[in-house]
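One structure is given here, and the rest of the page talks about it.
Note: hydrogens, waters and symmetry copies are ignored here, and every other heavy atom, side chains too, is used.
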Amino acid sequence: MISNSTNCSSSFDAQTYKIIAAVRACSGLLAFLFSLFALFVVVLFKKYRTFWQRLILYSNVSTTLYGLSVVLLRVDYVESNAETTRFCVFAGFFHQYSNWTVLVSILCYHLSLCAKVILGKDLSGRLEAPYFVAIFLAHLAFNWIPFLHLTYGLAGAWCWIRDTNDDCSHSLLGFVLRYTIWYAPLYSVVLAVLVGYVTSWLVARRRRKRWEGRYDVDVDDRKRELQRDMTVLLGVPLVLILINVPTFVNAIHDGIDPERPLLALWILHAFFSPLPFGVLPVLFTLDRETRQKLNARHVRAALRTLCYSSSSLVYDYDIKVAPESSYHSVN
């Protein structure tokens, strides 16, 4: 049986782990605040009326949950009791759940954009309900599995899936769970996103060549739309790579020399893992039109519309005019 109340990692002392966890929590707080700002912009300018806007909204909600989960991972490793242990189990599960919401929301948005660029098909409307279920519900089908063997708990510098047993021996189950329900899907999605971007770039390049020398308003609009889509497509793999480079380098170093971990690599891992998830909602939400509205005049007007929308509604009333004979009879 795996215990979730023992932190068996001996790479650093408890105080160093607290510092690493604090750095990660601060980075998660920044991601949380960025995501909240993006949500505020979405609500303020009512950017949730189309399928693409709602897909971005779902992504913003996912990154907000992720940032909150990272903040909750701040654990006191000196005082470990039943209450902190139960909280750590919850925090580890919530972190795993929010990780998957972000990962699936990125994948759904990227697949829809690739289909639009490569196939020329807009999937808006037909896949919104399945996307919503996939982002927020479907992965619960396997994220509850670590509860069966109490695998959620203290795992190094934060709470997640433990890879050690109660006697601090290596846990094959925890190792398998980490790779089957997170690392393998994560790197598969990264690879799929990169392949999708390369394919989209080749298709877009072929279309630009086909459009060369043609001066048409419709063609110019399609060129601008294609350029905008490709810019967003490029941002997704860049963010995913930025997220995983420190983690990948740290994992390689730990595999080569596990007895001498580098604090600098752990700090970089802790800081850069959460922060790009705060960049994603800003990247998706602040398009050129929205950026132009982020000034005092437009924000005040949007706030007035948001707060006093009910008073600005126009109502229709049926007015009955008295017959002329009645008018004369009164006078």
Spatial distance of atom CG (Leu55) from atom CG (Leu111) [nearest 0.5 Å]: 10.0 Å
Proximity of Trp158 and His269 rings by center, below 6.0 Å: yes
Joint cluster assignment, Ile145 & Leu186, ILVMFWY side-chain distance < 4.5 Å: yes
Heavy-atom pair of closest approach, residues Pro281 and Asn60: CB-OD1, 2.9 Å
Side-chain H-bond candidate by donor/acceptor type, Thr285 with Lys47, under 3.5 Å: no
Matching residue for Ile106 among Val102, Val104, Leu103 - test: side chain to side chain contact (heavy atoms under 4.5 Å, CB included): Val102
Residue pair Lys293, Phe45: steps toward the side chain to side chain contact (heavy atoms under 4.5 Å, CB included) verdict: CA-CA 9 Å; Lys293 292 181 179 179; Phe45 295 112; 3.7 Å; yes
Closest approach of Arg49 to Gln53 (non-hydrogen atoms, all atoms of both residues): N-OE1, 3.0 Å
Over all atoms of both residues, closest heavy-atom pair of Gly278 and Ser35: CA-OG, 4.3 Å
Atom of Leu72, atom of Ala91 and distance for their closest heavy-atom approach: O-CB, 4.0 Å
Side chain Ser27, main chain Leu275, donor-acceptor under 3.5 Å: yes
4.5 Å side-chain heavy-atom contact, Val43 and Leu57: no
Student check: side-chain heavy atoms of Thr199 and Cys114 closer than 4.5 Å: no
Centroid separation Phe93 to Trp144 less than 6.0 Å: no
Partner set under ring pair (Phe, Tyr, Trp, His ring centres under 6.0 Å) for Tyr97, not counting sequence neighbours: His139
Min side-chain heavy-atom separation Leu286-Leu294 under 4.5 Å: yes
With Tyr58 via ring pair (Phe, Tyr, Trp, His ring centres under 6.0 Å) - residues at least two apart: Phe132
Interatomic spacing from OG1 in Thr64 to CG in Leu36 - rounded to 0.5 Å: 5.0 Å
Common cluster, Trp201/Val198, ILVMFWY with side-chain heavy-atom separation under 4.5 Å: yes
Side chain proximity check, Val89 to Phe147, heavy atoms < 4.5 angstrom: yes
Residues Leu263, Ile20; criterion side chain to side chain contact (heavy atoms under 4.5 Å, CB included); working and verdict: CA-CA 8 Å; Leu263 180 60; Ile20 296 173; 3.9 Å; yes
Heavy-atom pair of closest approach, residues Gln96 and Ile181: NE2-O, 3.0 Å
Evaluation steps, side chain to side chain contact (heavy atoms under 4.5 Å, CB included), between Phe136 and Val61: CA-CA 10 Å; Phe136 295 106; Val61 172; 4.0 Å; yes
Listed once per pair and sorted, the side-chain hydrogen bond (donor to acceptor under 3.5 Å, both in side chains) pairs that draw on residues 183-192, sequence neighbours left out: none
Heavy-atom check, side chain of His110 versus side chain of Leu107, under 4.5 Å: no
Hphob cluster co-occupancy, Leu127 + Tyr109, side-chain heavy atoms under 4.5 angstrom: yes
Side-chain heavy-atom pair Tyr48, Ile56 within 4.5 angstrom cut-off: no
Short side-chain donor-acceptor distance under 3.5 Å, Tyr131 and Ser112: yes
Pairing residues for Trp100 by the side chain to side chain donor-acceptor pair (under 3.5 Å) criterion, not counting sequence neighbours: none
Side chain Arg178, main chain Ile161, donor-acceptor under 3.5 Å: yes
Approximate separation, where rounding is to 0.5 Å, of Ile135 CD1 and Ser105 OG: 5.5 Å
Co-membership, hydrophobic cluster, residues Val249 and Val190, 4.5 Å side-chain: yes
Test log, rule side chain to side chain contact (heavy atoms under 4.5 Å, CB included), inputs Leu68 and Ser98: CA-CA 9 Å; Leu68 179 61; Ser98 62; over 6 Å; no
Single-linkage hydrophobic cluster Phe175~Leu177, side-chain heavy atoms < 4.5 angstrom: yes
Flag side-chain contact, heavy atom, 4.5 Å: Leu113 against Trp52: yes
By ring pair (Phe, Tyr, Trp, His ring centres under 6.0 Å) - contacts of Phe94 (at least two apart): Phe90
Test ring pair (Phe, Tyr, Trp, His ring centres under 6.0 Å) applied to Tyr66 - qualifying residues, sequence neighbours left out: His95, Phe277
Exercise: identify the closest heavy-atom pair between Ala38 and Val282: CB-N, 4.4 Å
